[in-house]
There are 2 protein chains.
Amino acid sequence: MSAGHTEVTAPEPVVSCDDDCGIRDVLDRLGDRWSVLVVVQLAAGALRFNALQRSLEGVSQRMLTLTVRRLERDGLVRRTVYPTVPPQVEYELTALGHSLTHLVKGLADWSLANRPQIAAARAEWDEEKAQQAGMPS
Amino acid sequence: MSAGHTEVTAPEPVVSCDDDCGIRDVLDRLGDRWSVLVVVQLAAGALRFNALQRSLEGVSQRMLTLTVRRLERDGLVRRTVYPTVPPQVEYELTALGHSLTHLVKGLADWSLANRPQIAAARAEWDEEKAQQAGMPS
DNA sequence: CAGCATCCGGGAAGATACTG
DNA sequence: CAGTATCTTCCCGGATGCTG
């Protein structure tokens, strides 16, 4: 907990508010590696923990748990435990979660549509930088 | 790429592809703390470096530089240098950057509209967890 | 099968000082 | 004014081992 924090300043409110407001909450969730992918996967239907993990193939158990917990906490995902002999837990999107799917879809469409442009921009940028680095004189 | 992986199971291609594909690129940019805020600020019009920094109020010089460089590399932001006596650099959104603004707007609207629901879900979740922790017997 | 606890490494973000 | 360089700190994400 960093006991040695000399927290003197109570700085300014950071950006106007119509800039972030509640966006940060969403962005933070969108920003981490797995949340979006989980939402996308779940958009197709409910999945059990292992099935979910397998469908992502690359996520660790820990990360999946954390991700899914956060989504549950935010009311985007419902977690249902069936008290069977081998424990069985199902995850599914809530209505809120589904509504977010549309936005993610929009994001996907955009990035898909503009990927070439971004790639081109990057290539150009890298080239310029390479030139400037190669012959500075 | 994990050379020491005892990869027994020729895994699957990681999510279908229409899940991430190019989304990761966008998400990575959207995920970091400042990119979105910079885009939003620039959506209102071109700004010089210091003006931009001031409008964000909380970003360090370093972070702003890095953020803006990445956005420039991706072709979302155009950087114009005026060779005046006191160096003057203007940042403005490109057409590509402007098109992203719409999505960000959608995100903002969504998070604004659903903030109460998220807050409620969190409160409920926290409450349940508190109970379970308080009287486990 | 589902999930938690713990340890660890790497990259991102911040603060500061210096340059053109 | 705009930007780089350097150092430090922090948190995300991964790996492992244990429980119910």
Side-chain angles (χ1 to χ4, degrees), chain A residues 1-9 11 14 24 27-38 46-73 77 79-92 129 132-133 136, chain B residues 1-7 11 14 24 27-38 46-73 77 79-92 129 132-133 136:
Chain A
M1 274 297 193
S2 60
H5 247 177
T6 321
E7 203 75 68
V8 218
T9 60
V14 190
R24 270 267 68 89
L27 252 38
D28 286 346
R29 214 85 294 129
L30 250 54
D32 65 59
R33 207 180 188 85
W34 304 108
S35 294
V36 178
L37 298 181
V38 168
L47 286 176
R48 289 198 292 278
F49 189 87
N50 269 5
L52 189 54
Q53 184 175 19
R54 198 151 307 134
S55 74
L56 263 49
E57 188 92 36
V59 66
S60 66
Q61 214 176 32
R62 183 184 126 95
M63 277 303 101
L64 183 54
T65 302
L66 288 178
T67 301
V68 122
R69 277 291 178 287
R70 277 191 283 250
L71 291 173
E72 186 196 359
R73 190 173 103 101
V77 163
R79 176 172 168 268
T80 313
V81 181
Y82 298 97
T84 59
V85 185
Q88 182 173 336
V89 182
E90 253 191 13
Y91 294 95
E92 58 182 337
K129 289 303 161 184
Q132 293 173 17
Chain B
M1 281 295 186
S2 58
H5 248 178
T6 322
E7 205 73 70
V14 188
R24 271 265 70 89
L27 251 39
D28 286 346
R29 212 86 296 127
L30 250 53
D32 65 57
R33 207 183 189 86
W34 303 109
S35 293
V36 179
L37 299 181
V38 168
L47 286 176
R48 288 196 293 278
F49 188 88
N50 269 7
L52 190 53
Q53 182 176 20
R54 198 152 309 132
S55 72
L56 262 47
E57 185 94 37
V59 65
S60 65
Q61 227 175 21
R62 184 186 123 94
M63 277 302 103
L64 183 54
T65 302
L66 288 178
T67 300
V68 120
R69 278 292 179 288
R70 277 191 283 251
L71 291 173
E72 187 196 359
R73 190 174 103 103
V77 162
R79 175 171 169 269
T80 313
V81 182
Y82 298 96
T84 58
V85 184
Q88 182 172 337
V89 181
E90 252 193 14
Y91 293 95
E92 58 181 336
K129 289 302 159 184
Q132 294 173 15

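As a basis for the values below, the full set of heavy atoms in this structure was taken, side chains included, without hydrogen atoms, waters or symmetry mates. Quick note on labels: first sequence line is chain A, next is B, and so on, each numbered from 1. In this text the structure is predicted, and so the values were computed from the model without any measurement.
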Could you pull out the protein-nucleic contacts involving nucleotides 7-13 of chain C (nitrogen or oxygen on both sides, under 3.5 Å)?
{"unit_1": "C/dA13", "atom_1": "N7", "unit_2": "B/Arg62", "atom_2": "NH2", "d": "3.1"}

Hey, what are the protein-to-nucleotides 18-20 of chain C N/O distances that come in under 3.5 Å?
none

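Terminal axes of the helix from C/dC1-D/dG20 to C/dG20-D/dC1 (five pairs each, C1' rotation axis) are separated by 40°, to the nearest 10°.
The interatomic distance linking A/Arg69 (CZ) with C/dC4 (C1') rounds to 9 Å, in whole Å. Between the P atom of D/dG3 and the CZ atom of B/Phe49 lies a distance of 6 Å, rounded to the nearest Å. Distance A/Glu57 CD to D/dG14 P: 13 Å, rounded to the nearest Å. B/Glu90 places its CD atom 15 Å from the P atom of D/dC1, with the value rounded to the nearest Å.
A/Tyr91 has a side-chain polar atom (N or O) that falls below the 4.0 Å cut-off from OP1 or OP2 of C/dG3. Of the side-chain N and O atoms in A/Arg79, none sit less than 4.0 angstrom from OP1 or OP2 of C/dA2.
B/Arg70 is linked by a side-chain hydrogen bond (donor to acceptor under 3.5 Å, both in side chains) to nothing, counting only residues two or more places apart in sequence or in another chain. In this view, B/Glu90 satisfies the salt bridge (charged side-chain N to carboxylate O under 4.0 Å, His left out) rule with no residue, not counting sequence neighbours. Scored by the side chain to side chain contact (heavy atoms under 4.5 Å, CB included) test, A/Val89 finds A/Arg79, A/Val81, A/Tyr91 as partners (sequence neighbours excluded).
In B/Arg48, the CZ atom is not crowded: 12 or fewer heavy atoms of neighbouring residues, nucleotides or ligands sit closer than 6.0 Å. Enclosure of atom CZ in A/Arg69 by more than 12 non-hydrogen atoms of other residues, nucleotides or ligands within 6.0 angstrom is indicated.
Using a 4.0 Å heavy-atom criterion, one finds that B/Thr65 contacts the bases of the nucleic acid, with or without backbone contacts as well. Among the atoms of the strands shown, none is found under 4.0 Å from any heavy atom of A/Tyr82.
Between A/Gln53 and A/Ser60 the shortest heavy-atom distance is NE2-C, 3.9 Å. Contact detail for B/Trp34 and B/Thr67: the closest heavy-atom pair is CB-OG1, 3.8 Å. Shortest non-hydrogen contact noted between B/Ser55 and B/Leu47 is OG-CD1, 4.2 Å.
From A/Leu52, atom CG reaches atom CG of A/Leu64 across 5.0 Å, with rounding to the nearest 0.5 Å. The line from CG of A/Asn50 to CD of A/Gln88 is 10.5 Å long, rounded to the nearest 0.5 Å.
Using a 4.5 Å heavy-atom cutoff, the side chains of A/Val59 and A/Leu37 are not in contact.
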